[in-house]
Asker: 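The structure that follows is given in the form of structure tokens.
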Amino acid sequence: MSAVATRRAWAELLRLPALFTVPGDALAGAAATGLRPNHRTLLAIGSSLCLYEAGMALNDWADRAEDAVERPERPLPSGRIAPPAALTAATALTAAGLALASRAGRPSLAVAGALAGTVWAYDLALKHTPAGPAAMATARGLDLLLGATATAGPDHDPRSRATAAAPSAAALAAHTLAVTVVSRREAQGGSSTAPLAALATTAALTRLVGAGTTRRPSVGGGGDVDDGGFGWRRRGRSAPGESASRGSASRGSASTGSASRGSASGLAPDTAHRALRGALALAYAGTAARPLFHAALNPSPPLTQRAVGGGIRAMIPLQAALAARTGAPVTALLTAALAPAARRFARKVSVT
């Protein structure tokens, strides 16, 4: 087999376009902590990428007999990649992912260890059981928490930061659960129940991330919150001039002018935040809902596979919307910028 064909086979095995859905987990986790992304966030992203690809390789190794019947064109049953090579890749990628997480601190390594254990348990034992979708959802939620604990590091209580990120992790896990349930029928099709349930989940999550006020995490340790480029910044302790500001605010005319200026200066950022959240929520709904609706009307294998692919790609605008919801618009925009690349590469290599 030529070098080009070999690279193509590995791209299919590892489902490379799906990689673009991974960095947003750590970035959304970082945003939920109220801290700016830092070098430890990059370590979390690297760890997530390795563990995600380990799961992809292990998935095809575990399913090689089933794929020989249902999907003989996959790299392992077609003979383009040997099963031992796939298992070796899964093992090496898992080790690399844990090594990168360890560089971000012990709490991050603990979360990465739980994530790796969940991935291996899903692929080797849980996938075809009723617990399979829940295991996959748990893995995605843990991936977001990995970004939160890594970003916090030893200087900011990782446990409290992970707690702050728990709502975002739960939202991402709910979406993953719905998509995984749909994926269990992608080779056979034949049921509208799962796509309809996923549509309901998409509607609920769209409302969650698009409505309400921006939830800016409190910061107790004096660290800076992501200012998002919109000019606001919060610290755990009062700024040095705060008491003087309160004193001047007690004077009548100065108080009125100060309040007016404060109201005007806060209006533009809040309006921009709401607009960004709404746009990202609509992007999420549009990416996920349309193929799910088609699969619900006609649950054939091709349309079901498209629904699964759409659900995977929809993770990017969902991650971005979660970052915007926690008051980190720049992080949200950086995450959303991954979507065009994911869509372009998905035309060349399937994500399912």
Side-chain angles (χ1 to χ4, degrees), residues 15 17-29 32 44-45 48-49 51-56 58-59 111-112 114-123 126-148 162 165-186 193-206 208-209 280-281 283-285 287-289 291-292 295 304-323 325 335 338-339 342 346 351-352:
R15 297 169 175 85
L19 273 183
F20 292 98
T21 71
V22 177
D25 290 349
L27 291 173
I45 291 173
S48 297
L49 291 170
L51 294 176
Y52 187 86
E53 290 294 48
M56 291 297 185
L58 186 64
N59 173 79
V111 176
L115 173 56
T118 303
V119 168
W120 279 72
Y122 172 81
D123 283 331
L126 301 177
K127 183 188 305 182
H128 301 296
T129 71
M136 181 64 78
T138 299
R140 204 82 201 206
L142 285 170
D143 201 32
L144 189 145
L145 294 179
L146 175 59
S168 294
L172 190 62
H175 173 78
T176 304
L177 178 67
V179 174
T180 305
V181 171
V182 175
S183 73
R184 290 164 78 89
R185 302 287 301 179
E186 65 178 339
T193 303
L196 287 173
L199 274 173
T201 301
T202 300
L205 289 175
T206 300
L208 172 70
V209 300
L280 291 171
Y284 163 65
T287 304
L292 284 170
T304 303
Q305 290 171 14
R306 289 182 189 175
V308 174
I312 293 172
R313 292 191 300 276
M315 288 181 181
I316 297 176
L318 176 58
Q319 294 157 346
L322 289 171
R325 181 173 180 263
T335 302
L338 296 170
V351 298
T352 64

Asker: How long is the straight-line distance from CG of L27 back to CG of L322, given to the nearest 0.5 Å?
Answerer: 12.0 Å

Asker: Return all side-chain donor-acceptor pairs below 3.5 angstrom for residues 194-201, not counting sequence neighbours, or 'none' if the list is empty.
Answerer:
residue, atom, partner, partner atom, Å
T201, OG1, A197, O, 3.1

Asker: Run the side-chain hydrogen bond (donor to acceptor under 3.5 Å, both in side chains) test against R313 and tell me which residues pass, sequence neighbours left out.
Answerer: none

Asker: From L51 CG over to L146 CG, what is the distance, rounded to the nearest 0.5 angstrom?
Answerer: 7.5 Å

Asker: Residues in salt bridge (Lys or Arg N to Asp or Glu O under 4.0 Å) with R15, at least two apart?
Answerer: D60

Asker: I'd like to check the side-chain hydrogen bond (donor to acceptor under 3.5 Å, both in side chains) partners of T287; sequence neighbours left out, ordered by chain and number.
Answerer: none

Asker: Would you give the length of the straight line joining atom CG of L144 to atom CG of L172, rounded to the nearest 0.5 angstrom?
Answerer: 6.0 Å

Asker: Which heavy atom in A162 sits nearest to a heavy atom in L145, and how many Å separate them?
Answerer: O-CD2, 3.6 Å

Asker: Kindly give the heavy-atom pair with the smallest separation between I45 and A26, and that separation in Å.
Answerer: CG1-CB, 3.6 Å

Asker: Check whether any side-chain heavy atom of V22 lies under 4.5 Å from a side-chain heavy atom of D143, and answer yes or no.
Answerer: yes

Asker: Taking all heavy atoms of A171 and all of L205, pick out the closest pair and write down the distance.
Answerer: O-CD1, 3.7 Å

Asker: Quick one: side-chain contact (heavy atoms from CB on, under 4.5 Å) partners of T21, sequence neighbours excluded?
Answerer: Y52, R140, I312, M315, I316

Asker: About how many Å separate CZ of F20 and CG of L49, when rounded to the nearest 0.5 Å?
Answerer: 10.0 Å

Asker: Kindly write out the residues that satisfy ring-ring contact (aromatic ring centres under 6.0 Å, His included) with Y122, not counting sequence neighbours, or none if the list is empty.
Answerer: none

Asker: Would you list the pairs meeting salt bridge (Lys or Arg N to Asp or Glu O under 4.0 Å) in which at least one residue belongs to residues 171-180, sequence neighbours left out?
Answerer: none

Asker: State, to 0.1 Å, how close A165 and A148 come at their nearest heavy-atom pair, and which atoms those are.
Answerer: CB-CB, 3.7 Å

Asker: A281 and A321: which non-hydrogen atoms are nearest, and at how many Å?
Answerer: N-CB, 4.4 Å

Asker: Could you work out, with side-chain contact (heavy atoms from CB on, under 4.5 Å) as the rule, every residue matching A323, not counting sequence neighbours?
Answerer: A31, T331, A332

Asker: Check the pair L280, V209 against side chain to side chain contact (heavy atoms under 4.5 Å, CB included), reporting the backbone distance first and the verdict last.
Answerer: CA-CA 8 Å; L280 291 171; V209 300; over 6 Å; no

Asker: According to side-chain hydrogen bond (donor to acceptor under 3.5 Å, both in side chains), does anything in residues 170-186 pair up with another residue at least two apart or in another chain? List the pairs.
Answerer: H175-Y284

Asker: Show every donor-acceptor pair shorter than 3.5 Å between a side-chain atom in residues 128-139 and any protein atom, with sequence neighbours excluded, or say none if there are none.
Answerer:
residue, atom, partner, partner atom, Å
H128, NE2, E66, OE1, 3.2
T129, OG1, L126, O, 2.7
T129, OG1, A131, N, 3.3
T138, OG1, A134, O, 2.8

Asker: Grab the two heavy atoms, one from Q319 and one from G24, that are nearest each other, plus how far apart they are.
Answerer: OE1-CA, 3.2 Å

Asker: Just verifying a value: how many Å separate E53 CD and L19 CG, rounded to the nearest 0.5 Å?
Answerer: 4.0 Å

